[in-house]
2 protein chains.
Amino acid sequence: MATLRRQYVVTRQVYSEDSFAEGHQKVSRVRKTILDHVKEYLSCDSKRAKNAALSLLPIIGWMRSYRLKEWLLGDVVSGISTGLVAIMQGLAFSLLASLPPSYGLYTAFFPVLTYFFLGTSRHISVGSFPVLSLMVGAVVTRLVPENSPPANITDFEGLTPDQQRVLVASSVTFLMGVFQLGLGLLQVGFVVVYLSDTLVSGFTTAAAVHILVSQLKFVLGLEVPGISGPLSIIYTLEKIFVQITSTNICDLLMSIIIMAVVFIVKELNDKYKSRLPVPVPIEVIMVRGFEPATLQLFHTNECVELEIWTNPRTFFSLPQTVIACGVSYGFNFEKRFNVDIVGKMVRGYESPIAPSVEIMKEGAVEAFPIAIVGFAVAFSVAKVYSIKHDYTIDGNQELIAFGVSNIFGASFRCFAASTALSRTAIQESSGGKTQVAGLISAMMAMIVTLALGFLLEPLPRSVLGALVIVNLKGMLMQFREILYLGRRDVPDCVVWVGTCVGSILLGLDLGLAVGLGIELLTVVFRTQFPRCCVLANIPDTDLYRDRKDYQHIFEPEGIKIFRIPSPIFFANIEFFRKKLIDAVGFNPLRVLRKRNKALRKLRKLWKEGNHHMTEKGVTSESDDDPDTNTEELDRPSDITGLPFHVDWNADLPTNIGVPRVDVHSLVLDFSAVSFLDISALKGLKMAIKEFIRIHVDVYVTSCDLNILEKLHNCFFFDDEIVTSMFFPTVHDAVLHVLQKHKNKNRGVSFNQTKM
Amino acid sequence: MATLRRQYVVTRQVYSEDSFAEGHQKVSRVRKTILDHVKEYLSCDSKRAKNAALSLLPIIGWMRSYRLKEWLLGDVVSGISTGLVAIMQGLAFSLLASLPPSYGLYTAFFPVLTYFFLGTSRHISVGSFPVLSLMVGAVVTRLVPENSPPANITDFEGLTPDQQRVLVASSVTFLMGVFQLGLGLLQVGFVVVYLSDTLVSGFTTAAAVHILVSQLKFVLGLEVPGISGPLSIIYTLEKIFVQITSTNICDLLMSIIIMAVVFIVKELNDKYKSRLPVPVPIEVIMVRGFEPATLQLFHTNECVELEIWTNPRTFFSLPQTVIACGVSYGFNFEKRFNVDIVGKMVRGYESPIAPSVEIMKEGAVEAFPIAIVGFAVAFSVAKVYSIKHDYTIDGNQELIAFGVSNIFGASFRCFAASTALSRTAIQESSGGKTQVAGLISAMMAMIVTLALGFLLEPLPRSVLGALVIVNLKGMLMQFREILYLGRRDVPDCVVWVGTCVGSILLGLDLGLAVGLGIELLTVVFRTQFPRCCVLANIPDTDLYRDRKDYQHIFEPEGIKIFRIPSPIFFANIEFFRKKLIDAVGFNPLRVLRKRNKALRKLRKLWKEGNHHMTEKGVTSESDDDPDTNTEELDRPSDITGLPFHVDWNADLPTNIGVPRVDVHSLVLDFSAVSFLDISALKGLKMAIKEFIRIHVDVYVTSCDLNILEKLHNCFFFDDEIVTSMFFPTVHDAVLHVLQKHKNKNRGVSFNQTKM
């Protein structure tokens with residue numbers, strides 16, 4: 001503390017913004033307009049063209065510097081490990097999408113091929129992602145319900161229900177790819193910043209609840225038709241509970257065993273982990289400082305998913321996969337007990353199909369959020385590893401890469417592809433250096449599709465369901481976030497709860513929209529009812545603080561210093577005007593009207609010649625002049641033609657009452673006003689004018705120079721509102737006011753030459 | 001200017017927030033939490049109960065002070081004039097709602113009765129409003145299309161199409177009333193502040209386009225079925241142009257004559273107006289300072305509508321009504337020429353009906369925006385007159401009044417009621433003092449319904465259509481707003497265009513939602529990419545400005561002063577971190593990693609005993625340590641166990657490259673940071689830590705005390721981030737830094753004891 005007891009000495013002249021500008025020449029800077037930016041963006045020379053071409057094919061960049069000896073082995077090992085997980089996930093997630101499991105393997109293959117050429121991330125594992133699969137599944141069950149005829153779409157003719165489902169999924173995926181490609185070409189990848197941490201946490205928690213409910217039927221071995229649309233989760237639960245007595249005990253037992261085993265393996269992992277000499281980096285990854293805006297997703301669903309699905313470096317996750325396979329074979333004979341199994345896998349690849357335009361029309365509203373969520377997940381995961389390995393990824397190129405991959409995949413009957421942090425973590429931790437690892441994992445999926453698919457056929461669906469459910473624990477644990485946020489920041493908590501409840505009840509697509517709306521509203525809301533305060537001087541300093549906060553604080557007489565603690569815009573300008581009136585203690589418009597009314601009376605009295613300023617108690621006249629033109633009363637007081645000066649605070653003839661105004665100067669502290677919109681500008685102009693018209697001087701201090709420039713451009717200034725009312729600091733303005741009112745304020749204890 | 005050349009002298013100690021708090025005891029204030037507010041709100045004593053009861057029936061208040069002699073005559077005259085206009089408007093606007101014209105008269109009667117008891121505004125004329133009528137019409141034509149069977153609703157059984165339409169309109173109106181009543185009881189009337197000036201202007205312009213298109217069929221005498229839903233306006237226009245050749249010439253001629261006559265009368269009005277000795281106050285009303293947030297509507301559609309429909313005080317609007325009636329009688333014989341006329345009016349009142357729950361389900365999504373728009377219009381008009389006549393209106397009570405009025409009206413087959421500024425202006429300017437005038441205008445409508453309806457029967461619909469269209473001119477003139485806004489504020493212009501285009505193409509309800517979304521986005525957007533800048537000292541002052549703006553400006557060596565010019569939240573925290581890295585010229589995380597890597601090497605060399613700090617060119621080692629654990633590199637440098645001090649900016653052994661860091665202190669100017677959210681908090685914490693870990697001191701200045709308090713509550717501070725980094729002003733922080741680095745900075749020209 002001792003080091004701080006030093007002197008702060010400033011001696012300079014009092015500046016207004018005008019006099020400051022006079023003394024300090026501003027460098028004229030030409031600011032780029034939006035047009036300039038667009039021009040620059042559209043300008044083209046050979047170098048730019050070459051760079052653009054190169055950036056469209058990032059593979060050229062990293063392939064050139066590929067270190068064959070050092071990297072290839074890592075890539076191959078990593079590719080094989082990732083491939084195993086990708087196959088299991090592909091099967092499980094295709095159930096979420098209400099599709100036959102073999103299409104999950106397709107999704108682990110085709111999109112990877114194009115991403116290999118187009119993607120800028122070297123570590124992410126492209127393929128299915130549970131939340132996306134579920135969102136696609138919602139469209140599939142809407143258009144091809146299980147127990148009722150499919151939607152009236154001509155392209156469905158002659159197709160089996162499964163083929164119809166695949167057509168729906170691939171059409172929606174195609175459209176999602178088109179959206180992503182479009183956004184990428186328009187270079188608007190930055191939109192993902194609007195999906196904040198909190199929003200995504202609420203959204204993925206809701207997704208986990210949906211996933212849980214959707215898997216219950218597999219675990220219980222029940223026949224429950226997929227239901228979509230708002231409140232579908234309620235109806236689904238109702239259907240499940242109605243037939244809960246017909247649960248397939250076999251399925252349930254298997255599921256419980258699987259869940260228990262996986263759970264125990266996980267716990268053992270955790271225990272073993274703590275004894276490892278090198279601390280496993282998951283916690284570090286989670287706690288370390290990622291750039292939150294783009295990495296929101298990381299902190300939430302994916303991290304916890306990661307915690308369970310995988311254990312990077314030590315690669316303990318494989319046991320789960322192995323156990324699942326083992327159990328499935330062990331239970332092979334259970335087929336006779338009416339257990340729903342994966343069943344006939346499509347062997348080899350089917351011919352490409354064209355997407356259905358009709359389906360795309362039906363699913364357009366759903367495809368857009370799918371495109372956004374898919375990209376947001378992939379980008380945030382990619383960003384994590386790009387920071388870790390210190391290379392750059394390009395959001396817009398990623399959009400293009402995923403757009404093309406989804407379009408390409410959709411043509412081969414894949415469903416929506418993004419990435420899953422679980423697979424990506426395995427790919428990176430097991431030594432993957434580039435997308436060569438991804439390519440090899442795709443080859444693994446291809447081998448299973450082409451040759452080994454029959455091995456997976458006896459796998460019961462309930463096992464897949466159980467695997468999905470047990471992995472939800474972490475996502476569902478996010479409910480704890482409510483408490484965390486509730487204690488820290490109420491608006492953030494509202495966003496979380498709103499998004500989560502909205503997404504659970506209305507479905508993921510509508511819920512995301514609702515969440516976004518709430519999130520944007522909170523930004524407005526945070527600035528809408530700020531704590532305004534009246535400032536006063538801390539004696540012997542140039543500092544001004546809330547006068548209610550300090551006991552020894554000095555408020556110069558006749559001066560009100562009002563701090564506006566937030567930007568001013570349409571939603572709060574009215575609020576500020578009210579607070580300002582509260583702070584000064586009178587409504588300037590009302591005072592002006594009363595003065596003008598009084599003036600009219602005085603003029604009348606004077607004209608009639610029967611008035612003496614000293615005479616009190618003039619004859620009674622009706623106080624309510626029925627012809628009063630209220631609009632005229634709002635104009636500046638017109639004192640021309642009156643031979644005497646009216647002092648409004650002195651005593652007037654008794655039947656003329658005008659409120660006393662004790663404030664001669666109003667200082668508005670604009671230091672926290674970061675922007676003004678047109679509504680605020682109009683409202684502010686009006687408010688200032690009302691004060692000026694009753695002869696209260698208004699000063700604006702600490703106004704950002706950009707805002708001052710904007711005021712000039714928007715014709716804020718006229719003959720009443722002038723630029724000389726702007727001052728660089730509150731203290732400058734107060735000193736100026738004191739000087740101006742020196743004569744009146746004589747004897748006041750505020751020493752303005754030295755304080 | 002001369003008066004400003006005074007001295008600004010300050011001598012005080014240098015304060016940090018900590019030392020300031022030590023020296024200046026803060027008054028402990030108990031701030032009310034949200035819970036306290038709720039408790040207070042819910043607390044109940046007899047006085048509060050009495051007041052609440054009284055505020056629910058405002059009529060008790062104004063009836064007590066009713067001056068029978070002075071006010072009654074004015075109210076009666078005003079009521080008769082308003083009644084005439086209300087009848088014409090009721091007929092015309094019921095066409096917008098696709099209903100038989102007699103129901104427009106109902107709407108001019110029933111809602112007024114309840115508003116008389118419940119409303120707080122003394123001047124507004126309750127009844128139909130064109131935009132609302134059109135929005136109700138959209139639901140009506142959706143559920144009861146003209147050329148195809150109605151929607152599958154059981155309540156429609158046994159009803160004629162007209163009865164079905166009335167049932168739809170009244171059910172939607174009922175639901176709208178329920179929404180309004182609910183909002184009022186929840187005391188959330190403030191939501192209308194989100195409908196900004198700009199938004200409403202764009203919205204009403206779109207409504208004018210819709211109204212224009214919907215009236216074309218009457219003017220041209222064509223049979224065009226009402227179409228609803230997105231793009232309906234395109235389809236409607238297509239249908240009109242396809243059959244443009246079968247235009248009914250009679251209708252068209254009449255319409256043109258009507259329009260021409262009305263137009264000329266209006267122009268004459270305008271001319272005459274300018275010769276009046278007293279300037280007509282319309283312009284004054286428009287220009288004068290209404291509180292913009294709540295009066296947005298006034299500035300836009302209603303004002304221009306007012307300009308045309310009426311001419312307050314001189315009451316020139318009546319000619320139009322008279323002309324319309326005259327023409328209608330004159331053309332009575334035209335009935336034979338296949339002109340569509342008003343036709344059989346329902347004589348007397350029909351029995352009340354119960355709303356249909358099925359229809360309410362179908363129309364719920366549309367009823368909500370109708371409720372909001374209806375209230376917003378009424379409230380802003382009421383506000384205008386409450387300011388003019390200096391009485392208070394209560395937004396929530398108004399919501400309750402309109403809610404009850406619409407529920408009551410809907411039970412008697414009315415459609416959505418609000419107010420129209422045109423009628424209200426007539427009511428006020430012709431001498432109306434209280435809602436007694438409204439009651440009398442309702443009686444006029446009743447008389448027409450009960451007895452004189454037959455007089456209106458021969459009125460051709462094309463005349464009504466023409467009257468509606470000619471009155472749209474002003475609303476359509478709002479397109480000029482694009483230019484006005486485009487020159488002043490681009491985001492506001494985007495809101496206008498987005499709302500207008502959205503409302504035209506998607507329909508008014510969806511368009512309003514789109515507009516709201518865009519509007520909220522602009523608030524976020526305005527703070528998302530602000531102009532960050534590096535500040536420097538204006539020599540011989542305590543002022544700091546953008547260093548690029550001034551030639552003679554002094555930047556103390558080793559200190560970067562970074563100004564954050566807006567609130568920090570999820571959408572811009574990433575942007576600020578990037579800008580901060582740009583400003584200081586290095587990425588602290590990268591520097592830390594390089595330093596830690598170098599440290600590891602140094603430690604290894606030292607352990608091997610073959611390293612001397614002076615020796616340059618140690619033997620080559622691979623720079624890429626494959627086992628590098630990047631997470632550990634992000635931790636603070638661990639120099640324990642090293643016997644020497646590492647000066648990172650000095651020369652290190654040649655194969656150890658660490659970037660030089662020339663900045664020893666970073667000052668963040670927080671004066672414009674009006675709030676922080678959780679994402680910003682996390683990101684900020686991480687950013688500050690990264691700098692602290694490479695030994696750059698971070699200082700935060702001018703931070704709002706409320707934000708500082710929040711940082712404490714959110715556990716922002718730990719062993720690395722401490723409260724002593726907060727300073728009241730930039731100058732305090734800079735002086736502190738200079739003192740701290742005095743020895744290093746010796747000889748620098750920055751005189752810290754006197755400047």
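All chains are named by letter (A, B, ...) in the order of the sequence lines, taking the proteins before the strands, and each is independently numbered beginning at 1.
- Taken from CZ in R593(B) to NZ in K388(A), the straight-line distance is 9.5 Å, to the nearest 0.5 Å.
- Between chain A and the residues T522(B), L543(B), T527(B), the largest count of heavy-atom pairs under 4.5 Å involves L543(B).
- The distance from the CG atom of D197(B) to the CZ atom of F570(A) is 10.5 Å, given to the nearest 0.5 Å.
- Note: E519(B) leads Q551(B), E519(B), H552(B) in heavy-atom pairs under 4.5 Å with chain A.
- Contact annotation for P530(A): neither backbone nor side-chain heavy atoms come within less than 4.5 Å of a heavy atom of chain B.
- Looking at I678(B), the atoms closer than 4.5 Å to chain A (heavy atoms on both sides) sit in the backbone and in the side chain alike.
- If you take OH on Y8(B) and NE2 on H731(A), they are separated by 5.0 Å, rounding to the nearest 0.5 Å.
- Contact tally against chain A (heavy-atom pairs below 4.5 Å) for N713(B), V524(B), L676(B), D390(B): the top residue is D390(B).
- Contact annotation for L705(B): only side-chain heavy atoms (C-beta onward) come within less than 4.5 Å of a heavy atom of chain A.
- Using a 4.5 Å cut-off between heavy atoms, Y550(B) touches chain A through backbone and side chain atoms alike.
- Considering SG of C533(A) and CG of D704(B), their distance stands at 7.5 Å, rounded to 0.5 Å.
- Of the residues considered (D549(B), L520(B), D677(B), V523(B)), D549(B) shows the highest number of contacts with chain A, using heavy-atom pairs under 4.5 Å.
- Partners of K710(B) under the side chain to side chain donor-acceptor pair (under 3.5 Å) rule, at least two apart in sequence or in another chain, are D489(A).
- In this structure, the portion of L485(A) lying under 4.5 Å from any heavy atom of chain B is its side chain and not its backbone.
- Residues passing the side chain to side chain donor-acceptor pair (under 3.5 Å) test with R488(A): none are found, sequence neighbours excluded.
- The minimum heavy-atom distance between S566(B) and S674(A), with the atom names listed, is CA-CB, 3.6 Å.
- If you measure heavy-atom distances from F715(B) to chain A, the contacts under 4.5 Å come from the side chain alone.
- Taking SG of C714(A) as the start and OH of Y484(B) as the end, the distance is 7.5 Å to the nearest 0.5 Å.
- Of the inter-residue distances, the one linking L589(A) atom CG with I387(B) atom CD1 reads 7.5 Å to the nearest 0.5 angstrom.
- Heavy-atom distances place the side chain of R545(A), and not its backbone, under 4.5 Å from chain B.
- Contact annotation for R487(B): neither backbone nor side-chain heavy atoms come within less than 4.5 Å of a heavy atom of chain A.
- The aromatic rings of F525(A) and F190(B) sit tilted relative to each other, their planes meeting at an angle between 30° and 60°.
- With a 4.5 Å cut-off on non-hydrogen atoms, N587(B) does not touch chain A at all.
- When each of D492(B), L681(B), D546(B) is checked for heavy-atom pairs under 4.5 Å with chain A, D492(B) comes out on top.
- In this structure, the portion of T729(B) lying under 4.5 Å from any heavy atom of chain A is its side chain and not its backbone.
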